[in-house]
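Please read these numbers as outputs of a predicted model, since none were measured by experiment. A, B, ... follow the sequence lines: proteins, then strands. Residue 1 opens every chain.
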There are 2 protein chains.
Amino acid sequence: MDENSPLPYWEQLANILRERIRTGEIQHRVPSLNTLTQEFGLSRNTVIKAISALEADGLVVTRQGRGTFVTRR
Amino acid sequence: MDENSPLPYWEQLANILRERIRTGEIQHRVPSLNTLTQEFGLSRNTVIKAISALEADGLVVTRQGRGTFVTRR
DNA sequence: GAGAATTTGTACGTATGTATG
DNA sequence: ACATACATACGTACAAATTCT
């Protein structure tokens with residue numbers, strides 16, 4: 001993540017994921033928490049906060065034991 | 001908190017605070033994080049999650065360094 | 001204005017529970 | 001039974017904004 005940005009990590013990650021969804025790089029399934037924590041070097045809690053922001057947007061839905069999925073509209 | 005309830009602590013606390021706001025017990029300012037953590041014996045993070053739920057409802061607004069306040073409508 | 005105290009914000013690590021496949 | 005994946009919850013530390021002395 002960008003250390004010099006004024007945006008908190010969770011918000012930077014949320015923006016990156018929004019962009020990946022917008023461009024279609026993520027079409028259906030959002031990578032798992034484990035994957036995202038490793039890819040971005042962030043803690044689990046921080047990744048969860050980013051995903052929660054996308055959920056609040058109605059951009060994705062999360063299901064325990066399954067994963068997080070892009071909302072079709 | 002009620003150990004036997006299926007509701008998570010953060011949701012129980014959110015419900016308690018909603019009720020206190022509804023009845024007017026909390027009219028303006030929501031107690032600080034420190035106060036709530038001590039009153040309910042919960043961790044800071046858990047209290048924050050409860051407050052976040054109220055914010056998502058539009059029931060309160062939170063301002064860094066100031067506090068959390070009931071939304072007037 | 002300076003400094004301390006208060007209060008929320010971000011972020012880490014860790015552990016355990018619950019649901020799915 | 002087992003592995004994977006999200007959910008809850010604890011503790012801790014420091015940053016940032018505000019308020020008080």
Side-chain angles (χ1 to χ4, degrees), chain A residues 1-21 25-73, chain B residues 1-21 25-73:
Chain A
M1 305 302 297
D2 178 6
E3 297 281 349
N4 293 333
S5 169
L7 288 180
Y9 292 160
W10 69 263
E11 203 163 347
Q12 293 183 47
L13 176 54
N15 285 338
I16 289 170
L17 294 177
R18 284 191 191 96
E19 186 66 8
R20 288 188 182 178
I21 290 169
E25 183 178 350
I26 295 175
Q27 293 201 344
H28 180 49
R29 181 185 201 134
V30 177
S32 73
L33 297 183
N34 276 342
T35 301
L36 291 174
T37 56
Q38 289 171 20
E39 176 177 358
F40 292 96
L42 296 176
S43 78
R44 180 181 179 78
N45 287 337
T46 301
V47 173
I48 287 177
K49 188 157 173 60
I51 300 286
S52 299
L54 300 189
E55 277 199 277
D57 293 341
L59 201 60
V60 301
V61 291
T62 296
R63 301 200 195 287
Q64 185 173 3
R66 310 252 312 233
T68 300
F69 306 93
V70 177
T71 303
R72 301 268 177 242
R73 356 185 85 168
Chain B
M1 306 301 296
D2 179 5
E3 296 283 347
N4 293 334
S5 170
L7 287 180
Y9 292 159
W10 69 263
E11 203 163 347
Q12 293 183 46
L13 176 55
N15 285 337
I16 289 170
L17 294 177
R18 284 191 191 96
E19 186 65 8
R20 288 188 182 178
I21 290 170
E25 184 178 349
I26 295 176
Q27 294 201 342
H28 180 49
R29 182 186 201 134
V30 177
S32 74
L33 297 182
N34 276 342
T35 302
L36 292 173
T37 56
Q38 288 171 21
E39 176 176 358
F40 293 96
L42 296 175
S43 77
R44 178 184 177 76
N45 287 335
T46 301
V47 173
I48 288 177
K49 188 158 173 61
I51 300 286
S52 299
L54 300 189
E55 275 199 280
D57 294 341
L59 201 59
V60 302
V61 292
T62 296
R63 301 201 194 285
Q64 186 173 0
R66 310 257 307 235
T68 300
F69 305 92
V70 177
T71 303
R72 301 267 177 242
R73 356 184 84 167

Rounding to a whole Å, what distance do you find between [X]:[atom1] and [N]:[atom2]?
{"X": "B/Ile51", "N": "C/dG9", "atom1": "CD1", "atom2": "P", "result": "9 Å"}
{"X": "A/Arg29", "N": "D/dT4", "atom1": "CZ", "atom2": "P", "result": "12 Å"}
{"X": "A/Gln38", "N": "D/dT4", "atom1": "CD", "atom2": "P", "result": "12 Å"}
{"X": "B/Leu33", "N": "D/dC10", "atom1": "CG", "atom2": "P", "result": "14 Å"}

Hey, what are the protein-to-nucleotides 10-14 of chain C N/O distances that come in under 3.5 Å?
{"from": "C/dT10", "atom 1": "OP1", "to": "A/Trp10", "atom 2": "NE1", "distance (Å)": "3.4"}
{"from": "C/dA11", "atom 1": "OP1", "to": "A/Tyr9", "atom 2": "N", "distance (Å)": "2.5"}
{"from": "C/dA11", "atom 1": "OP2", "to": "A/Tyr9", "atom 2": "N", "distance (Å)": "3.1"}
{"from": "C/dA11", "atom 1": "OP2", "to": "A/Trp10", "atom 2": "N", "distance (Å)": "3.2"}
{"from": "C/dA11", "atom 1": "N6", "to": "B/Asn45", "atom 2": "OD1", "distance (Å)": "3.4"}
{"from": "C/dC12", "atom 1": "OP2", "to": "A/Ser43", "atom 2": "N", "distance (Å)": "3.1"}
{"from": "C/dC12", "atom 1": "OP2", "to": "A/Ser43", "atom 2": "OG", "distance (Å)": "3.0"}
{"from": "C/dC12", "atom 1": "OP2", "to": "A/Thr46", "atom 2": "OG1", "distance (Å)": "2.4"}
{"from": "C/dC12", "atom 1": "N4", "to": "A/Asn45", "atom 2": "ND2", "distance (Å)": "3.1"}
{"from": "C/dG13", "atom 1": "O6", "to": "A/Asn45", "atom 2": "ND2", "distance (Å)": "2.6"}

Of the non-hydrogen atoms in [X] and [Y], which two are nearest, and what is the gap between them?
{"X": "B/Ala14", "Y": "B/Leu54", "result": "O-CD2, 3.8 Å"}
{"X": "B/Arg18", "Y": "B/Ala53", "result": "NH2-CB, 4.1 Å"}
{"X": "B/Pro31", "Y": "B/Leu36", "result": "O-CD1, 3.5 Å"}
{"X": "B/Gln27", "Y": "B/Val70", "result": "O-CB, 3.8 Å"}

Single hit among A/Leu17, A/Leu13, A/Thr46, A/Leu59 for side chain to side chain contact (heavy atoms under 4.5 Å, CB included) with A/Ile51: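 Exactly one candidate clears the test, A/Leu17.
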Selection: residues 63-72 of chain A, any non-hydrogen atom under 4.0 Å of DNA chain C: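 The stretch gives A/Gln64, A/Gly65, A/Arg66 as the residues lying under 4.0 Å from the strand, ordered by number.
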Pairing nucleotide - D/dA1, Watson-Crick or G-U, each distance under 3.5 Å: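 Pairing partner, where one exists within any strand: none, as none qualifies.
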Validation row: A/Arg20, A/Ile16 side chains within 4.5 angstrom (heavy atoms):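 They are in side-chain contact.
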Donor-acceptor under 3.5 Å (A/Thr68 side chain, A/Val30 main chain):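 No: the side chain of A/Thr68 does not pair with the backbone of A/Val30.
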side-chain contact (heavy atoms from CB on, under 4.5 Å) between B/His28 and B/Arg72, intermediate numbers included: CA-CA 9 Å; B/His28 180 49; B/Arg72 301 267 177 242; 3.8 Å; yes
